[in-house]
Amino acid sequence: MKYVFSGIQPSGSPTLGNYVGALRNWSLLQGEDRFCYYCVVDMHAITVRQDAEALKRRSMETVALLIACGIDPVKSALFIQSQVPAHAELSWVLCCNTYMGELSRMTQYKDKCAKHADNINAGLFTYPVLMAADILLYQTDLVPVGVDQKQHIEIARDIAIRFNNAYGETFKVPEGFIPKFGGRVMSLQDPAQKMSKSDPNPNGFVAIMDTPDVILKKFKRAVTDSDGEIRYDPENKPGVSNLLSIYTSFTDMSMEDAVAAFAGKGYGNLKTEVAQAVIDELTPVQQEYKRLLDDQAYLNDVIQSGASRAAKHANETLRAVYDCVGLHG
Ligand code: TRP
């Protein structure tokens, strides 16, 4: 049996970037010979200040979204991080086996310090260690993530290898699984930037929950260029290339076929076709999401059973780790 683990922050409204780069792939990885752990990482979320009620609500909404995106809570363990204490417990032991130097080189840490200069807390610094604990608790083979998480996967591997060398084989050394395309969906307003829900210009990103009207409007306003030709050339035509990438990923068309299909057509046509492809795929996801949110009893059952399945596996690893380092536990 192979194990898959991934985590998602319960933060606000995920975008097309999150959908293509992560959520959609997560459901595709569910298979006969693989068991998947999908975790809403609320403990990572509190590295920046949160409103308590809003955080609780968003964690549940994220669970609903994952189910709406095709994660089957019977096939996979779908759970909320803070409900499995082993994550915090392993994180402490791993902190004692991680160097300040390697943590201070993390680019996400540096970025977050720049963004939240008034709250540079120790949790922000040890964030990658908690993430390593998430992954290593489940003897994970494969970690599907977007490209921005590559460095975090590397440090999780380094920590696992170091621990195994010091104490004997304890952890499986995980591999990142980064999609060829979709790790990066770019902003519709500034295609040099990654699409982000924290973009101050809401026309830059499409949220998974945007209504069809809003999706169409945002694509119509997407920045392109003035040469008028539809071809894939990310360097010289980043806006058009981003639209083409989104189009291929929502239609499962090859880039060649897509470019051929748009030959001789205008940007206006490309924009409405992309918008339609996105709307067609997101509409059922949105409907299912709304239906699930009306069924809190079901969502509660899902997270309880997810947490207890996860805890069983996690506690086995934690027990072995405590034994290695001499803790009673
Ligand atoms: N850091 C990840 C992100 O911001 C979320 C995350 C936390 C995660 N723990 C994880 C992803 C473990 C993969 C595996 O997207």
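Only this structure's heavy atoms are used, side chains among them; waters, hydrogens and symmetry mates stay out. Note that ligands are numbered from 1 as they come in the structure, with each ligand's atoms numbered from 1 the same way.
- Ligand-side atoms of ligand 1 in range of I135: 12 (C), 14 (C), range being under 4.0 angstrom from any heavy atom.
- The V41 neighbourhood of ligand 1 comprises atoms 7 (C), 9 (N), with distances under 4.0 Å to a heavy atom of that residue.
- In terms of modelled atom types and a separation under 3.5 Å, the side chain of D42 and the main chain of I80 share no donor-acceptor contact.
- Note: Y37 and F35 have perpendicular aromatic rings, judged against thresholds of 30 and 60 degrees for the angle between ring planes.
- Atom 12 (C) of ligand 1 has its closest protein heavy atom at F5 CE2, 3.5 Å.
- Ion pairing between R24 and E281 holds under the 4.0 Å rule for side-chain N and carboxylate O.
- Of the candidates Q81, H152, Q149, the one placing a heavy atom closest to atom 3 (C) of ligand 1 is Q149.
- For the pair K218 and F205, the cation-pi test (distance below 6.0 Å, angle within 45°) is passed.
- Looking from atom 10 (C) of ligand 1 to the surrounding protein, the closest heavy atom is M131 CG, 3.5 Å.
- The protein heavy atom nearest to atom 9 (N) of ligand 1 is D134 OD2, 2.7 Å.
- Of the charged side-chain nitrogens involved, at least one lies within less than 4.0 Å of a carboxylate oxygen, so that R291 and E288 count as a salt-bridged pair.
- Side-chain contact of Q108 with D148: a donor-acceptor pair under 3.5 Å is absent, judged by distance alone.
- In this structure, atom 1 (N) of ligand 1 lies nearest to the protein heavy atom Y127 OH, 2.7 Å.
- For ligand 1, the atoms sitting less than 4.0 Å from at least one non-hydrogen atom of V143 are 13 (C), 14 (C), numbered in the order shown with element in parentheses.
- Side-chain atoms of N242 do not come within 3.5 Å of backbone N or O of P238 as any donor-acceptor pair.
- Heavy-atom contacts of V145 reach the following atoms of ligand 1: 11 (C), 13 (C) (cutoff under 4.0 Å).
- Between R105 and E154 no salt bridge is recorded (no basic side-chain N to carboxylate O distance below 4.0 Å).
- Residue-to-ligand polar distances keep Q108 apart from ligand 1: every N/O pair is separated by 3.5 Å or more.
- Ring planes of Y38 and W26: parallel class, angle under 30° (limits at 30 and 60°).
- Contacts with ligand 1 closer than 4.0 Å are made by no heavy atom of L130, backbone or side chain.
- At a heavy-atom cutoff of 4.0 Å, ligand 1 is contacted by no atom of D148, backbone or side chain.
- When hydrogens are left out, the protein atom nearest atom 5 (C) of ligand 1 is G7 O, 3.6 Å; that is the closest non-hydrogen contact.
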